[in-house]
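So the structure is just underneath, and the comments pick up after that.
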Protein chains: 2
Amino acid sequence: MTSPVESGGLHAPSLVQLATDSLRKAILAGEYAPGERLQEERLTERLGISRPPLREAMRVLENEGFIVTQPRRGSRVATLTAEDVREILTLRSALERLAFELGVPVRDPKVLEAPRQAVEEMEDCARREDRGGLVQAGYRFHLALVGIAEHRRLSEAYESIQRQQLLCMSRNLVVREAYYEDLEHHAARHRTLLESVEAGDRDAALAELAAHGEQSFASVALPPELYRSQFGKRD
Amino acid sequence: MTSPVESGGLHAPSLVQLATDSLRKAILAGEYAPGERLQEERLTERLGISRPPLREAMRVLENEGFIVTQPRRGSRVATLTAEDVREILTLRSALERLAFELGVPVRDPKVLEAPRQAVEEMEDCARREDRGGLVQAGYRFHLALVGIAEHRRLSEAYESIQRQQLLCMSRNLVVREAYYEDLEHHAARHRTLLESVEAGDRDAALAELAAHGEQSFASVALPPELYRSQFGKRD
DNA sequence: ATGTCGCTTATTGTAGACAGTAGTCGCAGA
DNA sequence: TCTGCGACTACTGTCTACAATAAGCGACAT
């Protein structure tokens, strides 16, 4: 997701960076259950580092919403309620809309290269029925699409919320399957969205985006009872 | 800004929390110049703590955008370019709009108590010509207004970007003066905005908000040359 | 039998010290 | 005089160790 080399410079990644990425990946992979206690000592053993860099990494993940910390009572993997899911989806959608309002029509055609490449990857993955790759490419596509606004803070906020959406999806098998029932169609919708943006038609792009959102996670995951059973309540 | 007691529980604040607040306050107060190097050793002496909690605090401030860190080359106070200011203002405005779209008309009247109280404080401060208090109250008012959406992630994102706007303002004397040329009028505009929200008229509130923004920081700080001279370029 | 007090243990919060790297200054050679 | 190399300095990155607090458990008193 985040490149190992942060923004240009070429440096050996610090243990904090490595620990952050590793932990985030593990949580997204479901290796730690929601609400599970994250004890520093255990994690240092697992990662082979000492506590200070681990603690800094956990601070970062706390800011990103992956873990919650109570002073002197340790940290736990974030537990997502239905309410949290609603928050994530609405905020993500709003940030995407803002990106279009600011960035469409595009001034500098260069910014279109990234989403173009990503959508081609998506189509590749769809043909090969590579579901995992499609998720990755889709992630990059949306991030690149927001990038056309050339708005660093917006992109960062978007990436943060998008990661949290991955967390939702990783915990919701029903949605994960339904979301990708037709891989080709899925990729095609993204292609259409990109074409609207390329055409510089903001309204069309926004409409496409709205339809896009409707068909995706938000509407598939309808029944509230299901949410509660899958995500549980916050302690 | 942030209450010393984090969200309900009553615990002695950790040194990390104290250091974070203290450093943020110092940066906002202009005690550290933009681009100034923040050396860990010096800061530990000043704050009377050791490096681990300080480093965790700096991680937090880095996430919040107050400082930038280059690996093995230390941290510096964030330098804001005109582009940064544009980002902050557009994002802040968009988040406020989203809050209204989600939260107006209000479902639970209780959420109106906080903005009501804040606007009264503003009017108090305006009458007493307490400019500092007015800034504080205005900060709380807008935060409380976003709070009506009852959307935790939105509120957090908003507070973060609002803090950064404070950083802009603290570095721009011209704007700071112009912004508050007529204290009473300033408070009155906020009262009007609140009334639109209370009436449950989303469109009116959004329109009011747009006008509100127009008259504030964004439009006052017009000349781009001035920005550059005041904020400098990013290194 | 139940509630409370105190101890024990595990875990977090903090401190201080060590290691490694980047920047800087000086010197030598061309 | 200028350029390149090398040592020095100062800082960040990391580790180990200590202190303090909270939860768990048992014993005692009521």
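For the numbers below, each heavy atom of this structure counts, side chains included, while hydrogens, waters and symmetry mates do not. Throughout, protein chains are lettered first and strands after them, A, B, ... in sequence-line order, and every chain is numbered starting at 1.
B:Y158 pairs by the ring pair (Phe, Tyr, Trp, His ring centres under 6.0 Å) definition with nothing, not counting sequence neighbours. Among residues two or more places apart in sequence or in another chain, the side-chain hydrogen bond (donor to acceptor under 3.5 Å, both in side chains) test is passed with B:Q39 by none. Among residues two or more places apart in sequence or in another chain, the side-chain hydrogen bond (donor to acceptor under 3.5 Å, both in side chains) test is passed with B:E64 by B:R24, B:R163.
A:Q164 and B:R153 share a donor-acceptor pair across their side chains, judged by distance under 3.5 Å alone.
Under a 3.5 Å cut-off, the side chain of B:D130 and the backbone N or O of B:G133 do form a donor-acceptor pair. A:E36 places a side-chain N or O within donor-acceptor distance of the main-chain N or O of A:A33, the cut-off being under 3.5 Å.
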Practice item. Between protein and nucleotides 8-15 of chain C, map the contacts as a letter string: B base, S sugar-phosphate only, - none, heavy atoms under 4.0 Å, written 5' to 3'. Key: ---SBBBB

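Look at CD on B:E45: it is 13 Å from C1' on D:dA10, rounded to the nearest Å. Separating the CZ atom of B:R76 from the P atom of D:dT12 is a distance of 11 Å, rounded to the nearest angstrom.
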N/O donor to acceptor pairs below 3.5 angstrom from side-chain atoms of residues 47-55 of chain B, sequence neighbours left out:
from: B:R51; atom 1: NE; to: B:E40; atom 2: OE1; distance (Å): 2.9
from: B:R51; atom 1: NH2; to: B:E40; atom 2: OE1; distance (Å): 2.7
from: B:R55; atom 1: NE; to: A:E56; atom 2: OE2; distance (Å): 2.9
from: B:R55; atom 1: NH1; to: B:E40; atom 2: OE2; distance (Å): 2.9

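With a 4.5 Å cut-off on side-chain heavy atoms, B:Y139 and B:L134 do not count as touching.
At its two ends the helix from C:dA1-D:dT30 to C:dA30-D:dT1 runs along axes set 10° apart, each axis drawn from five pairs and the angle rounded to 10°.
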